[in-house]
Amino acid sequence: MDFFFYPSSVAVFGSFKEGAIAYEILRNIVEGGFEGRIVPVNPKGGTVEVAGRTLQIHERLNEPVDTAIIAVPARIVPDLIDEIGPLIKGAVVISAGFSEVGNEGLERELVERARRHGVRLIGPNCAGIFGVHGKFFGSFEVRVRPGGLALISQSGAFGGAALAMGNDEGIGFSAFVSYGNAADLNESDFLEYFADDRNTKAIALYIEGVKDGRRFLKALRYASARKPVIILKAGKSAGGARAAASHTGSLAGSYEIYRAAFKQAGAIEVEEMEELFDAAKAFEMYSTAGKRVAVITNSGGPGVLATDKLERLGLQIAELSDETVEELRSFLPPQCSVRNPIDLIADADYGRYKRTIEVVCKDGNVDSILVICVPPIFIPSEEIAKAVIDANCAKPVVVNFMAGELVREGVKLLEEHGVKNFPTPERAAKALRWLSLR
(Lines give C-alpha, C1' and ligand atoms only; values in the text may rest on other atoms or scores of the structure.)
Protein backbone atom coordinates (compact mmCIF):
# COMPACT_ATOMS: atom_id res chain seq x y z
CA MET A 1 0.00 0.00 0.00
CA ASP A 2 2.95 2.34 -0.44
CA PHE A 3 1.04 4.01 -3.29
CA PHE A 4 -1.34 5.37 -0.62
CA PHE A 5 1.18 6.56 1.95
CA TYR A 6 4.26 7.27 -0.21
CA PRO A 7 2.70 8.23 -3.57
CA SER A 8 4.63 9.87 -6.39
CA SER A 9 1.45 11.31 -7.93
CA VAL A 10 -2.13 12.07 -6.89
CA ALA A 11 -5.37 13.17 -8.55
CA VAL A 12 -8.04 15.02 -6.58
CA PHE A 13 -11.67 14.92 -7.81
CA GLY A 14 -14.36 17.34 -6.70
CA SER A 15 -15.22 21.02 -6.45
CA PHE A 16 -12.32 23.44 -6.16
CA LYS A 17 -14.34 26.37 -4.86
CA GLU A 18 -12.74 27.71 -1.70
CA GLY A 19 -14.16 25.86 1.31
CA ALA A 20 -15.21 22.78 -0.65
CA ILE A 21 -13.79 19.49 0.62
CA ALA A 22 -11.76 18.77 -2.53
CA TYR A 23 -10.30 22.29 -2.39
CA GLU A 24 -9.31 21.89 1.27
CA ILE A 25 -7.66 18.53 0.56
CA LEU A 26 -5.80 20.04 -2.40
CA ARG A 27 -4.66 22.93 -0.22
CA ASN A 28 -3.41 20.52 2.45
CA ILE A 29 -1.44 18.53 -0.14
CA VAL A 30 0.20 21.65 -1.58
CA GLU A 31 0.88 23.37 1.76
CA GLY A 32 2.19 20.11 3.21
CA GLY A 33 5.06 20.15 0.70
CA PHE A 34 4.11 17.16 -1.45
CA GLU A 35 6.88 16.73 -4.00
CA GLY A 36 5.03 14.53 -6.51
CA ARG A 37 2.65 15.36 -9.36
CA ILE A 38 -0.74 16.84 -8.37
CA VAL A 39 -3.69 16.61 -10.79
CA PRO A 40 -6.94 18.42 -9.83
CA VAL A 41 -9.89 17.04 -11.84
CA ASN A 42 -13.33 18.55 -12.48
CA PRO A 43 -15.40 18.42 -15.73
CA LYS A 44 -15.68 22.23 -15.70
CA GLY A 45 -11.90 22.65 -16.04
CA GLY A 46 -10.30 26.05 -15.39
CA THR A 47 -7.63 26.83 -12.80
CA VAL A 48 -7.38 26.89 -9.02
CA GLU A 49 -5.24 29.15 -6.85
CA VAL A 50 -3.96 27.37 -3.78
CA ALA A 51 -1.14 28.20 -1.37
CA GLY A 52 0.45 30.63 -3.82
CA ARG A 53 0.31 28.21 -6.75
CA THR A 54 -1.93 28.17 -9.80
CA LEU A 55 -2.90 24.66 -10.86
CA GLN A 56 -4.64 23.65 -14.07
CA ILE A 57 -7.89 21.76 -13.43
CA HIS A 58 -8.17 18.82 -15.82
CA GLU A 59 -11.60 18.03 -17.23
CA ARG A 60 -10.81 14.32 -16.90
CA LEU A 61 -7.90 12.19 -15.79
CA ASN A 62 -5.79 11.25 -18.81
CA GLU A 63 -2.52 10.15 -17.19
CA PRO A 64 -1.60 7.41 -14.69
CA VAL A 65 -1.37 8.39 -11.01
CA ASP A 66 -0.75 6.36 -7.88
CA THR A 67 -3.77 7.50 -5.90
CA ALA A 68 -7.09 9.26 -6.54
CA ILE A 69 -8.85 11.20 -3.79
CA ILE A 70 -12.55 11.41 -4.55
CA ALA A 71 -14.96 13.95 -3.06
CA VAL A 72 -17.92 13.90 -5.48
CA PRO A 73 -21.59 12.91 -4.95
CA ALA A 74 -21.91 9.26 -3.95
CA ARG A 75 -24.15 8.29 -6.87
CA ILE A 76 -21.46 9.03 -9.47
CA VAL A 77 -18.50 7.44 -7.67
CA PRO A 78 -18.88 3.91 -9.18
CA ASP A 79 -18.96 5.31 -12.74
CA LEU A 80 -15.94 7.48 -11.98
CA ILE A 81 -14.01 4.44 -10.72
CA ASP A 82 -14.89 2.65 -13.97
CA GLU A 83 -13.56 5.59 -15.97
CA ILE A 84 -10.28 6.10 -14.12
CA GLY A 85 -9.69 2.51 -12.97
CA PRO A 86 -7.06 1.73 -15.64
CA LEU A 87 -5.06 4.83 -14.59
CA ILE A 88 -4.93 4.47 -10.77
CA LYS A 89 -3.68 2.00 -8.15
CA GLY A 90 -5.76 3.19 -5.22
CA ALA A 91 -8.72 5.45 -4.45
CA VAL A 92 -9.61 7.26 -1.25
CA VAL A 93 -13.37 7.84 -1.33
CA ILE A 94 -14.25 10.74 0.94
CA SER A 95 -17.87 10.82 -0.29
CA ALA A 96 -20.61 9.81 2.15
CA GLY A 97 -24.01 8.33 1.27
CA PHE A 98 -23.26 4.61 1.15
CA SER A 99 -23.92 1.78 3.65
CA GLU A 100 -23.85 4.15 6.63
CA VAL A 101 -27.23 5.52 5.41
CA GLY A 102 -28.55 2.15 4.25
CA ASN A 103 -27.28 2.39 0.67
CA GLU A 104 -25.55 -1.01 0.66
CA GLY A 105 -26.25 -1.62 -3.03
CA LEU A 106 -24.31 1.44 -4.14
CA GLU A 107 -21.40 0.45 -1.90
CA ARG A 108 -21.33 -3.09 -3.35
CA GLU A 109 -21.34 -1.63 -6.85
CA LEU A 110 -18.42 0.66 -5.95
CA VAL A 111 -16.35 -2.29 -4.71
CA GLU A 112 -17.21 -4.43 -7.75
CA ARG A 113 -16.11 -1.68 -10.16
CA ALA A 114 -12.86 -1.16 -8.25
CA ARG A 115 -12.05 -4.88 -8.20
CA ARG A 116 -12.71 -5.12 -11.91
CA HIS A 117 -9.75 -2.76 -12.42
CA GLY A 118 -7.56 -4.05 -9.57
CA VAL A 119 -8.00 -0.78 -7.66
CA ARG A 120 -7.83 -0.78 -3.83
CA LEU A 121 -10.29 1.44 -1.95
CA ILE A 122 -10.14 3.37 1.32
CA GLY A 123 -13.57 4.47 2.53
CA PRO A 124 -16.14 5.49 1.48
CA ASN A 125 -17.39 7.95 4.11
CA CYS A 126 -13.90 8.76 5.37
CA ALA A 127 -11.67 11.76 6.09
CA GLY A 128 -8.67 10.71 4.00
CA ILE A 129 -5.08 9.73 4.70
CA PHE A 130 -1.65 11.11 5.60
CA GLY A 131 1.72 9.67 4.66
CA VAL A 132 3.68 12.07 6.85
CA HIS A 133 7.20 10.97 5.88
CA GLY A 134 6.16 11.13 2.23
CA LYS A 135 4.97 14.73 2.84
CA PHE A 136 1.56 13.60 1.66
CA PHE A 137 -1.45 15.10 3.46
CA GLY A 138 -4.39 13.71 1.51
CA SER A 139 -7.08 14.76 3.98
CA PHE A 140 -8.87 17.87 5.18
CA GLU A 141 -7.66 17.29 8.75
CA VAL A 142 -4.94 19.31 10.52
CA ARG A 143 -1.39 18.52 9.43
CA VAL A 144 1.01 16.95 11.93
CA ARG A 145 4.74 16.72 12.55
CA PRO A 146 6.70 13.65 11.43
CA GLY A 147 7.29 10.93 13.99
CA GLY A 148 6.63 7.28 14.74
CA LEU A 149 2.89 6.90 15.45
CA ALA A 150 0.51 5.52 12.81
CA LEU A 151 -3.10 6.42 13.65
CA ILE A 152 -5.84 4.18 12.19
CA SER A 153 -9.33 5.54 12.80
CA GLN A 154 -12.70 4.20 11.77
CA SER A 155 -14.15 7.64 12.53
CA GLY A 156 -12.93 10.62 10.52
CA ALA A 157 -14.03 13.15 13.13
CA PHE A 158 -12.29 11.24 15.92
CA GLY A 159 -9.20 11.04 13.76
CA GLY A 160 -9.21 14.79 13.19
CA ALA A 161 -9.62 15.54 16.88
CA ALA A 162 -6.89 13.03 17.72
CA LEU A 163 -4.46 14.62 15.25
CA ALA A 164 -5.07 18.05 16.76
CA MET A 165 -4.65 16.69 20.27
CA GLY A 166 -1.50 14.87 19.18
CA ASN A 167 -0.05 18.19 18.01
CA ASP A 168 -0.79 19.70 21.41
CA GLU A 169 0.78 16.70 23.16
CA GLY A 170 3.98 16.85 21.08
CA ILE A 171 3.30 13.55 19.28
CA GLY A 172 5.01 12.82 15.98
CA PHE A 173 3.09 10.79 13.37
CA SER A 174 4.18 8.46 10.59
CA ALA A 175 0.72 8.13 9.05
CA PHE A 176 -3.01 8.64 9.50
CA VAL A 177 -5.83 6.75 7.84
CA SER A 178 -9.55 7.26 8.27
CA TYR A 179 -11.18 4.23 6.66
CA GLY A 180 -14.88 4.93 7.24
CA ASN A 181 -17.14 2.15 6.00
CA ALA A 182 -14.22 -0.19 5.17
CA ALA A 183 -15.89 -1.37 1.96
CA ASP A 184 -12.56 -2.78 0.76
CA LEU A 185 -9.47 -2.12 2.87
CA ASN A 186 -10.10 -2.27 6.60
CA GLU A 187 -8.37 -2.10 9.97
CA SER A 188 -6.76 -5.53 9.47
CA ASP A 189 -5.08 -4.44 6.22
CA PHE A 190 -3.71 -1.31 7.85
CA LEU A 191 -2.47 -3.14 10.94
CA GLU A 192 -0.48 -5.50 8.73
CA TYR A 193 0.85 -2.67 6.57
CA PHE A 194 2.03 -0.44 9.42
CA ALA A 195 3.52 -3.43 11.25
CA ASP A 196 6.07 -3.54 8.43
CA ASP A 197 6.32 0.20 7.70
CA ARG A 198 9.87 1.40 8.32
CA ASN A 199 8.80 4.78 9.74
CA THR A 200 6.18 3.47 12.19
CA LYS A 201 7.26 2.73 15.79
CA ALA A 202 3.79 2.27 17.30
CA ILE A 203 0.24 1.88 15.99
CA ALA A 204 -2.85 3.51 17.51
CA LEU A 205 -6.24 2.13 16.51
CA TYR A 206 -9.71 3.60 17.11
CA ILE A 207 -12.42 1.10 16.26
CA GLU A 208 -16.16 0.84 16.73
CA GLY A 209 -16.53 -2.66 15.29
CA VAL A 210 -14.98 -5.09 12.80
CA LYS A 211 -16.60 -7.11 10.04
CA ASP A 212 -14.29 -10.14 10.09
CA GLY A 213 -13.25 -11.00 13.65
CA ARG A 214 -10.97 -13.90 12.72
CA ARG A 215 -9.04 -11.85 10.18
CA PHE A 216 -8.78 -8.96 12.67
CA LEU A 217 -7.35 -11.19 15.40
CA LYS A 218 -4.76 -12.60 13.00
CA ALA A 219 -3.71 -9.09 11.87
CA LEU A 220 -3.63 -7.82 15.45
CA ARG A 221 -1.38 -10.70 16.51
CA TYR A 222 0.92 -10.03 13.55
CA ALA A 223 1.19 -6.31 14.31
CA SER A 224 1.51 -6.67 18.11
CA ALA A 225 4.39 -9.12 17.71
CA ARG A 226 6.32 -6.41 15.85
CA LYS A 227 5.26 -3.10 17.41
CA PRO A 228 3.12 -1.75 20.26
CA VAL A 229 -0.54 -1.57 19.18
CA ILE A 230 -2.66 0.79 21.29
CA ILE A 231 -6.43 0.35 20.94
CA LEU A 232 -9.31 2.63 21.90
CA LYS A 233 -12.57 0.74 21.45
CA ALA A 234 -15.86 2.61 21.17
CA GLY A 235 -19.31 1.05 21.38
CA LYS A 236 -18.71 -0.85 24.64
CA SER A 237 -22.16 -0.18 26.11
CA ALA A 238 -25.45 -1.23 24.52
CA GLY A 239 -26.21 2.38 23.60
CA GLY A 240 -22.69 2.90 22.26
CA ALA A 241 -22.98 -0.24 20.12
CA ARG A 242 -26.23 1.04 18.58
CA ALA A 243 -24.59 4.41 17.86
CA ALA A 244 -21.60 2.67 16.23
CA ALA A 245 -23.90 0.67 13.98
CA SER A 246 -25.61 3.84 12.72
CA HIS A 247 -22.30 5.71 12.40
CA THR A 248 -20.25 3.46 10.11
CA GLY A 249 -22.61 0.57 9.48
CA SER A 250 -20.40 -1.75 11.56
CA LEU A 251 -21.43 -4.44 14.00
CA ALA A 252 -19.90 -3.52 17.33
CA GLY A 253 -20.60 -6.91 18.93
CA SER A 254 -19.93 -7.93 22.53
CA TYR A 255 -17.27 -5.81 24.18
CA GLU A 256 -16.16 -8.76 26.32
CA ILE A 257 -15.21 -10.64 23.14
CA TYR A 258 -13.20 -7.67 21.90
CA ARG A 259 -11.45 -7.25 25.23
CA ALA A 260 -10.45 -10.91 25.29
CA ALA A 261 -9.19 -10.67 21.70
CA PHE A 262 -7.06 -7.60 22.48
CA LYS A 263 -5.48 -9.37 25.44
CA GLN A 264 -4.92 -12.60 23.52
CA ALA A 265 -3.19 -10.75 20.69
CA GLY A 266 -0.91 -8.76 23.00
CA ALA A 267 -2.42 -5.35 22.18
CA ILE A 268 -2.71 -2.56 24.74
CA GLU A 269 -6.23 -1.30 25.37
CA VAL A 270 -6.81 2.21 26.72
CA GLU A 271 -10.00 3.80 28.00
CA GLU A 272 -9.87 7.34 26.61
CA MET A 273 -8.11 9.64 24.16
CA GLU A 274 -5.78 11.08 26.78
CA GLU A 275 -4.50 7.58 27.57
CA LEU A 276 -4.03 6.77 23.90
CA PHE A 277 -1.60 9.64 23.52
CA ASP A 278 0.14 9.02 26.82
CA ALA A 279 0.80 5.45 25.68
CA ALA A 280 1.99 6.74 22.29
CA LYS A 281 4.38 9.17 24.01
CA ALA A 282 5.79 6.38 26.16
CA PHE A 283 6.43 4.10 23.19
CA GLU A 284 7.96 6.91 21.18
CA MET A 285 10.68 7.05 23.85
CA TYR A 286 11.06 3.40 24.90
CA SER A 287 10.11 -0.04 23.63
CA THR A 288 9.62 -1.68 27.03
CA ALA A 289 10.26 -1.34 30.78
CA GLY A 290 10.32 -3.66 33.79
CA LYS A 291 7.91 -3.48 36.72
CA ARG A 292 10.27 -2.24 39.46
CA VAL A 293 10.06 1.56 39.63
CA ALA A 294 12.06 4.16 41.55
CA VAL A 295 10.34 7.49 42.19
CA ILE A 296 12.48 10.63 42.52
CA THR A 297 10.64 13.79 43.56
CA ASN A 298 11.14 17.21 45.13
CA SER A 299 7.67 17.17 46.64
CA GLY A 300 6.30 14.53 48.98
CA GLY A 301 2.64 14.74 47.96
CA PRO A 302 3.07 13.96 44.25
CA GLY A 303 5.53 11.22 45.19
CA VAL A 304 2.86 9.56 47.34
CA LEU A 305 0.27 9.91 44.53
CA ALA A 306 2.68 8.31 42.09
CA THR A 307 3.43 5.48 44.53
CA ASP A 308 -0.27 4.79 45.11
CA LYS A 309 -1.00 4.72 41.37
CA LEU A 310 1.99 2.53 40.52
CA GLU A 311 0.97 -0.08 43.07
CA ARG A 312 -2.68 0.00 42.00
CA LEU A 313 -1.53 -0.62 38.41
CA GLY A 314 0.40 -3.72 39.46
CA LEU A 315 3.88 -2.19 39.35
CA GLN A 316 6.37 -2.48 42.21
CA ILE A 317 8.06 0.25 44.22
CA ALA A 318 11.66 -0.91 43.87
CA GLU A 319 13.52 -1.90 47.02
CA LEU A 320 16.76 0.09 46.80
CA SER A 321 19.97 -1.76 47.69
CA ASP A 322 21.88 -0.83 50.84
CA GLU A 323 24.73 0.42 48.62
CA THR A 324 22.37 2.79 46.79
CA VAL A 325 20.89 4.10 50.04
CA GLU A 326 24.36 4.73 51.51
CA GLU A 327 25.55 6.54 48.38
CA LEU A 328 22.46 8.75 48.38
CA ARG A 329 23.02 9.59 52.05
CA SER A 330 26.60 10.59 51.25
CA PHE A 331 25.56 13.66 49.24
CA LEU A 332 21.89 14.42 49.95
CA PRO A 333 20.86 16.78 52.79
CA PRO A 334 19.78 14.91 55.94
CA GLN A 335 16.18 16.12 55.50
CA CYS A 336 15.86 14.08 52.28
CA SER A 337 14.20 10.68 52.28
CA VAL A 338 16.51 8.11 50.68
CA ARG A 339 14.00 5.28 50.68
CA ASN A 340 11.81 4.86 47.61
CA PRO A 341 10.14 7.27 46.83
CA ILE A 342 13.23 9.46 47.13
CA ASP A 343 12.30 12.97 48.26
CA LEU A 344 14.96 15.52 47.30
CA ILE A 345 12.93 18.31 49.04
CA ALA A 346 11.86 21.61 47.53
CA ASP A 347 15.27 23.24 46.95
CA ALA A 348 16.61 20.33 44.84
CA ASP A 349 18.77 21.75 42.05
CA TYR A 350 20.46 20.50 38.88
CA GLY A 351 23.25 18.67 40.70
CA ARG A 352 21.00 16.97 43.23
CA TYR A 353 18.62 15.64 40.58
CA LYS A 354 21.32 14.58 38.12
CA ARG A 355 23.42 12.69 40.64
CA THR A 356 20.38 11.02 42.23
CA ILE A 357 19.11 9.79 38.85
CA GLU A 358 22.55 8.37 38.03
CA VAL A 359 22.97 6.63 41.38
CA VAL A 360 19.48 5.10 41.35
CA CYS A 361 19.89 4.06 37.73
CA LYS A 362 22.86 1.84 38.67
CA ASP A 363 20.79 -0.11 41.18
CA GLY A 364 20.10 -3.66 39.93
CA ASN A 365 16.74 -3.66 41.73
CA VAL A 366 15.48 -0.73 39.61
CA ASP A 367 13.99 -1.24 36.12
CA SER A 368 12.76 2.31 35.48
CA ILE A 369 12.61 5.75 37.07
CA LEU A 370 9.78 8.23 37.48
CA VAL A 371 11.13 11.76 37.99
CA ILE A 372 8.74 14.33 39.47
CA CYS A 373 9.45 18.06 39.55
CA VAL A 374 7.28 20.76 41.12
CA PRO A 375 9.76 23.63 40.97
CA PRO A 376 9.74 26.43 43.53
CA ILE A 377 9.78 29.94 42.06
CA PHE A 378 13.50 30.33 42.77
CA ILE A 379 14.60 27.29 40.68
CA PRO A 380 13.85 27.44 36.94
CA SER A 381 12.20 24.28 35.64
CA GLU A 382 14.63 24.19 32.71
CA GLU A 383 17.48 23.63 35.20
CA ILE A 384 15.85 20.37 36.37
CA ALA A 385 14.98 19.48 32.78
CA LYS A 386 18.66 19.81 31.91
CA ALA A 387 19.53 17.48 34.80
CA VAL A 388 17.18 14.82 33.38
CA ILE A 389 18.66 15.25 29.90
CA ASP A 390 22.29 15.20 31.09
CA ALA A 391 21.96 12.31 33.54
CA ASN A 392 23.83 9.19 32.42
CA CYS A 393 21.14 6.53 32.64
CA ALA A 394 20.39 3.72 30.18
CA LYS A 395 17.08 2.73 31.80
CA PRO A 396 13.66 4.22 30.97
CA VAL A 397 13.12 7.59 32.66
CA VAL A 398 9.58 8.99 32.63
CA VAL A 399 9.02 12.55 33.83
CA ASN A 400 6.21 14.47 35.47
CA PHE A 401 6.87 18.24 35.52
CA MET A 402 3.97 20.24 36.87
CA ALA A 403 2.25 22.51 36.42
CA GLY A 404 1.32 25.01 33.69
CA GLU A 405 3.35 28.18 33.29
CA LEU A 406 5.68 27.13 36.11
CA VAL A 407 7.19 24.33 34.02
CA ARG A 408 6.55 25.54 30.46
CA GLU A 409 10.20 26.24 29.61
CA GLY A 410 11.39 23.02 31.24
CA VAL A 411 8.85 20.92 29.32
CA LYS A 412 9.85 22.66 26.10
CA LEU A 413 13.52 21.82 26.71
CA LEU A 414 12.66 18.20 27.50
CA GLU A 415 10.65 17.84 24.28
CA GLU A 416 13.48 19.34 22.23
CA HIS A 417 15.60 16.43 23.48
CA GLY A 418 12.96 13.77 22.85
CA VAL A 419 11.76 13.50 26.45
CA LYS A 420 7.96 13.62 26.76
CA ASN A 421 6.32 15.11 29.82
CA PHE A 422 3.32 13.57 31.56
CA PRO A 423 1.37 16.35 33.31
CA THR A 424 0.33 14.39 36.43
CA PRO A 425 1.97 11.68 38.56
CA GLU A 426 -0.89 9.32 37.73
CA ARG A 427 -0.44 9.72 33.97
CA ALA A 428 3.31 9.16 34.31
CA ALA A 429 2.62 6.00 36.32
CA LYS A 430 0.28 4.72 33.62
CA ALA A 431 2.95 5.33 31.00
CA LEU A 432 5.29 3.01 32.91
CA ARG A 433 2.57 0.38 33.17
CA TRP A 434 2.00 0.37 29.39
CA LEU A 435 5.76 0.01 28.84
CA SER A 436 5.77 -2.94 31.26
CA LEU A 437 3.17 -4.75 29.16
CA ARG A 438 5.58 -5.17 26.22
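Residues take their numbers from the sequence shown, with the count starting at 1.
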Evaluate Phe34 against Phe136 for ring-ring contact (aromatic ring centres under 6.0 Å, His included), listing each step before the verdict. CA-CA 5 Å; Phe34 182 62; Phe136 179 56; 5.4 Å; yes
Does the side chain of Asn365 pick up a donor-acceptor pair with the side chain of Ser321 at under 3.5 Å? no
Can you list the residues that meet the salt bridge (charged side-chain N to carboxylate O under 4.0 Å, His left out) rule with Lys135, with sequence neighbours excluded? Glu35
The complete set of salt bridge (charged side-chain N to carboxylate O under 4.0 Å, His left out) pairs with one or both residues in residues 408-417, sequence neighbours excluded, reads Glu405-Arg408
Residue pairs passing the side chain to side chain donor-acceptor pair (under 3.5 Å) test where at least one lies in residues 384-396, sequence neighbours excluded: Tyr350-Asp390, Lys386-Asp390
Quick check: does any side chain N or O of Thr67 sit under 3.5 Å from a backbone N or O of Val10, one acting as donor and the other as acceptor? no
Ignoring hydrogens and geometry, is there a side-chain-to-backbone donor-acceptor pair from Ser153 to Gly156 under 3.5 Å? no
Run the numbers on Ile25 and Phe137 for side chain to side chain contact (heavy atoms under 4.5 Å, CB included), then give the verdict. CA-CA 8 Å; Ile25 293 172; Phe137 294 94; over 6 Å; no
Step-by-step salt bridge (Lys or Arg N to Asp or Glu O under 4.0 Å) determination, Lys233 to Glu269: CA-CA 8 Å; Lys233 168 75 173 74; Glu269 187 184 7; over 6 Å; no
Output the distance between atom CD (Gln154) and atom CD (Glu208), rounded to the nearest 0.5 Å. 5.0 Å
For Tyr353, which residues count as a ring pair (Phe, Tyr, Trp, His ring centres under 6.0 Å) partner, sequence neighbours excluded? none
What distance separates Asp367 CG from Leu315 CG, expressed to the nearest 0.5 Å? 9.5 Å
Sorted by first residue and then second, give each disulfide (SG to SG under 2.5 Å) pair with at least one member in residues 162-209; sequence neighbours left out. none
Mind running side chain to side chain contact (heavy atoms under 4.5 Å, CB included) on Asn298 and Val374 for me, showing each step along the way? CA-CA 7 Å; Asn298 67 344; Val374 188; 4.0 Å; yes
Kindly indicate, with the supporting measurements, whether the criterion side chain to side chain contact (heavy atoms under 4.5 Å, CB included) is fulfilled by Lys420 and Leu414. CA-CA 7 Å; Lys420 309 294 183 182; Leu414 288 168; over 6 Å; no
In short, disulfide (SG to SG under 2.5 Å) pairs touching residues 406-438 with sequence neighbours left out are none
In Å, rounded to the nearest 0.5 Å, how long is the span from CG of Leu432 to CD1 of Ile369? 10.0 Å
Rounded to the nearest 0.5 angstrom, the CG-CZ distance for Asp349 and Phe378 is 10.0 Å
Can Lys281 and Glu284 be counted as an ion pair, charged N to O under 4.0 angstrom? no
Spell out, as yes or no, whether a donor-acceptor pair under 3.5 Å connects the side chain of Thr297 to the backbone of Gly300. no
Contacts of type disulfide (SG to SG under 2.5 Å), residue Cys361, not counting sequence neighbours: Cys393
NZ/NE/NH1/NH2 to OD/OE distance under 4.0 Å, Lys354 and Glu358: yes
Those residues that, when tested against Glu272, pass side chain to side chain donor-acceptor pair (under 3.5 Å) (two or more places apart): none
Just by modelled atom types, is the Phe422 backbone N or O under 3.5 Å from a matching donor or acceptor in the Asn400 side chain? yes
Heavy-atom closest pair (Ser155 atom, Tyr206 atom, distance to 0.1 Å) is CB-CE2, 3.5 Å
Taking only residues two or more places apart in sequence or in another chain, which ones pass salt bridge (charged side-chain N to carboxylate O under 4.0 Å, His left out) with Asp363? none
Below 4.0 angstrom, N of the basic side chain to O of the carboxylate: do Asp347 and Arg352 qualify? yes
Looking at Arg27 and Glu24, does any basic side-chain N land under 4.0 Å from a carboxylate oxygen? yes
Salt bridge check: are Glu327 and Lys362 linked by an N-O gap of less than 4.0 Å? yes
For side-chain hydrogen bond (donor to acceptor under 3.5 Å, both in side chains), just list the numbers for Ser99 and Glu104, CA-CA rounded to whole Å, side-chain angles, deciding distance to a tenth of an Å, and then say yes or no. CA-CA 4 Å; Ser99 65; Glu104 288 89 357; 5.9 Å; no
How about NZ on Lys89, more than 12 heavy atoms from neighbouring residues, nucleotides or ligands closer than 6.0 Å, or not? no
May I ask you to decide if Leu121's main-chain N or O and Asp184's side chain share a donor-acceptor pair within less than 3.5 Å? yes
Can Lys201 be said to sit on top of Phe283's aromatic six-ring, NZ or CZ under 6.0 Å from centre and within 45° of the ring axis? no
Residue pairs passing the disulfide (SG to SG under 2.5 Å) test with at least one member in residues 293-360, sequence neighbours excluded, are none
For residues 143-160, which residue pairs pass the salt bridge (charged side-chain N to carboxylate O under 4.0 Å, His left out) check, not counting sequence neighbours? Glu31-Arg143
Between the side chains of Lys218 and Glu187, is the shortest nitrogen-to-carboxylate-oxygen separation below 4.0 Å, so that they form an ion pair? no
Please collect all side chain to side chain donor-acceptor pair (under 3.5 Å) contacts where either partner lies in residues 189-199, sequence neighbours excluded, each pair once. Asp2-Tyr193, Tyr6-Asp197, Tyr6-Asn199, Asp189-Arg215, Glu192-Arg215, Asp196-Tyr222, Asp197-Thr200
Looking at Asn181 and Ala183, would you say the former's side chain and the latter's main chain have a donor-acceptor pair under 3.5 Å? no
The test is side chain to side chain contact (heavy atoms under 4.5 Å, CB included); show your working for Val93 and Ile122 and say whether it passes. CA-CA 6 Å; Val93 182; Ile122 295 177; over 6 Å; no
